[in-house]
Number of protein chains: 2
Amino acid sequence: MNSVAIARIDNAGPGAPKTARGARTRARILKAAEEAFGTLGYHRAGIADITRAAGVAQGTFYTYFAGKEQTLRELVRDMGHQLRAHLEAEIAGARDRLEAEEKGLRAFLQYLHDNPSLYRVLQEAQFVDETIYRDYYEAFGRGYVRMLADATRKGEIRPGNNEVRVWALMGIANFLGLRYALWEQDTPFDDIVATISDLFRNGLAPGGDKEKS
Amino acid sequence: MNSVAIARIDNAGPGAPKTARGARTRARILKAAEEAFGTLGYHRAGIADITRAAGVAQGTFYTYFAGKEQTLRELVRDMGHQLRAHLEAEIAGARDRLEAEEKGLRAFLQYLHDNPSLYRVLQEAQFVDETIYRDYYEAFGRGYVRMLADATRKGEIRPGNNEVRVWALMGIANFLGLRYALWEQDTPFDDIVATISDLFRNGLAPGGDKEKS
DNA sequence: TTGAAACATGAATCGGTATTCATATTAAAT
DNA sequence: ATTTAATATGAATACCGATTCATGTTTCAA
């Protein structure tokens with residue numbers, strides 16, 4: 001009885017699978033959780049919804065996850081990695097920072113359109129445990145600031161407070177994504193990117209455009 | 001028994017108070033709900049938390065509100081009105097659109113700092129009932145687009161897709177507010193406004209500043 | 001003053017759901 | 001083939017919190 005209890009406790013953590021079968025099952029559950037959280041939302045989604053979609057019994061969930069919240073945590077981490085990897089690949093060919101911003105924004109909009117769960121999972125995580133959310137954006141922001149610093153050094157953008165800029169840029173992408181990639185696709189991504197590109201190249205103020213390369 | 005049931009049902013709605021005392025109580029409950037939702041979050045905040053803070057019994061809550069969700073709905077409406085009224089007043093003296101954007105951003109940051117509940121209540125509403133959130137931003141956006149259209153007509157800003165711009169601008173304010181007004185106040189609002197103002201006046205691209213008035 | 005409507009109470013109800021557990025089944029090693 | 005660890009099961013548990021309701025108290029008009 002005692003040994004059983006200890007075994008349970010040791011097992012309480014993530015319980016990494018030790019078998020191919022286990023790995024498959026765990027992955028199925030995680031994907032099912034992403035879908036459930038993404039469509040129903042974190043609170044409305046029950047463990048039952050997740051396990052039903054994964055095709056396993058409710059108890060199986062706890063073989064691999066310590067609870068609902070840990071699952072959300074892991075999902076945010078995974079989805080963040082995926083997104084970042086995707087964006088980095090997409091902006092790889094850019095000649096300069098402004099072009100990278102254009103490519104990055106377009107890629108982000110498209111990615112959100114194709115993976116709508118990302119937005120909801122991430123935003124909801126904010127209210128389940130704020131540190132999940134903060135960590136995500138602070139990590140994202142740190143990398144972004146580094147890129148802007150490089151660009152400043154290369155003379156591709158004006159000197160300025162790059163940290164503030166980064167949060168502004170993340171806000172732009174976030175809201176445009178919500179409005180034009182998730183809610184209504186009534187404006188072509190090209191138009192959106194062109195509008196924001198014009199903002200970055202010329203600002204909002206009137207007056208002659210700057211020289212183009 | 002039947003008449004009682006009917007009376008209950010008729011009463012189920014908002015149950016507008018008919019007495020000064022009732023009005024006071026309702027207002028106390030609403031303010032308590034704002035605080036509870038703002039600090040604990042919508043899901044964690046229980047009716048008991050609200051009524052305790054308001055100094056009334058749990059049942060009293062249902063004398064004035066149909067339920068937890070309706071309360072959130074009403075809060076978002078109220079807080080939205082307040083914020084908009086405040087911002088309109090703050091940008092009233094602006095000479096042109098760019099100055100209005102500066103004043104508006106500074107006022108928004110300050111308002112968020114002073115009323116931190118706004119952010120959380122609004123953002124969480126998104127996942128309780130998306131229409132609450134959409135309505136809020138679409139209403140906000142409509143007014144904003146009108147202002148940019150005016151500014152375009154007056155030649156204060158470059159022609160462009162003002163709807164896209166508005167969503168970008170709302171995103172900027174939102175993220176800067178979250179980062180610099182709610183999370184860490186490590187950067188003076190003046191610096192933030194100056195950075196964003198430079199973005200609006202000159203873009204990110206290098207090259208000579210435009211003429212100043 | 002009095003009676004009815006409005007307001008207030010708080011304990012009980014009631015539904016829901018995250019988590020546990022005793023019990024099978026399956027996979028790999030000896 | 002046998003044994004043991006890993007996986008899987010799903011009903012039972014256990015808790016939580018939104019809502020209700022029978023009852024008491026206050027307000028206010030007549």
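Residue numbers begin at 1 in each chain, while the letters A, B, ... track the order of the sequences.
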Margin query: Please tell me if B/Thr19 has a side-chain N or O lying less than 4.0 Å from either OP1 or OP2 of C/dA6.
Written below: no
Notebook entry, point to check: Rounded to the nearest 0.5 Å, what separation is found between the CZ atom of A/Arg26 and the OG1 atom of A/Thr60?
Noted result: 13.5 Å
Checklist line | Residue A/Ile47, side-chain heavy atoms: nucleotide from C/dA28, D/dA18, C/dA18 that is nearest | finding: C/dA18
Note to self: Assess whether a salt bridge exists between B/Glu184 and A/Arg134, defined as any Lys/Arg side-chain N lying under 4.0 Å from an Asp/Glu carboxylate O.
What the structure shows: yes
Note to self: Expressed as a whole number of angstroms, how long is the span from B/Arg28:CZ to C/dT9:C1'?
What the structure shows: 14 Å
Check: Hey, does B/Gly46 reach any base, or is it just sugar-phosphate, or nothing, if we go heavy atoms under 4.0 Å?
Finding: sugar-phosphate
Next item on the list: Report the distance from atom CZ of A/Arg24 to atom C1' of C/dT26, rounded to the nearest whole Å.
Entry: 12 Å
Check: Does a donor on one side chain sit under 3.5 Å from an acceptor on the other, for A/Asp129 and A/Thr131?
Finding: yes
Next item on the list: Using atom CZ of B/Arg26 as one end and atom C1' of C/dA6 as the other, report the distance to the nearest whole Å.
Entry: 15 Å
Notebook entry, point to check: Under 3.5 Å, is there a donor-acceptor pair linking the side chains of A/Tyr119 and A/Glu124?
Noted result: no
Next item on the list: Quickly work out the A/His43 NE2 to D/dA18 P distance and round it to whole Å.
Entry: 12 Å
Notebook entry, point to check: Are B/Tyr64 and C/dA8 close enough that a side-chain N or O sits under 4.0 Å from OP1 or OP2?
Noted result: yes
Checklist line | Nucleotide C/dT26, atom C1' - distance to CZ of A/Arg21 in whole Å | finding: 5 Å
Checklist line | Given DNA chain D, 5'-ward residue of the pair B/Tyr42 and A/Val56, judged by closest heavy atom | finding: A/Val56
Checklist line | Distance in angstrom units between B/Phe65 CZ and D/dG17 C1', rounded | finding: 19 Å
Checklist line | Among B/Arg106, B/Glu102, B/Glu101, B/Glu99, the one residue meeting side chain to side chain donor-acceptor pair (under 3.5 Å) with B/Ser197 | finding: B/Glu102
Note to self: Whole angstroms only, please: what is the CZ-P distance between A/Phe61 and D/dT7?
What the structure shows: 16 Å
Notebook entry, point to check: Is any side-chain N or O of B/Gln58 under 3.5 Å from a base N or O of C/dT9, one able to act as donor and the other as acceptor?
Noted result: no
Margin query: Using a heavy-atom cut-off of 4.0 Å across all strands, would you classify A/Thr60 as base, sugar-phosphate, or nothing?
Written below: base
Next item on the list: Describe the nucleic acid contact of A/Ala23 in one word from base, sugar-phosphate, nothing, applying a heavy-atom distance below 4.0 Å.
Entry: nothing
Next item on the list: Measure from OH on A/Tyr62 to P on C/dC21 and round the result to the nearest Å.
Entry: 13 Å
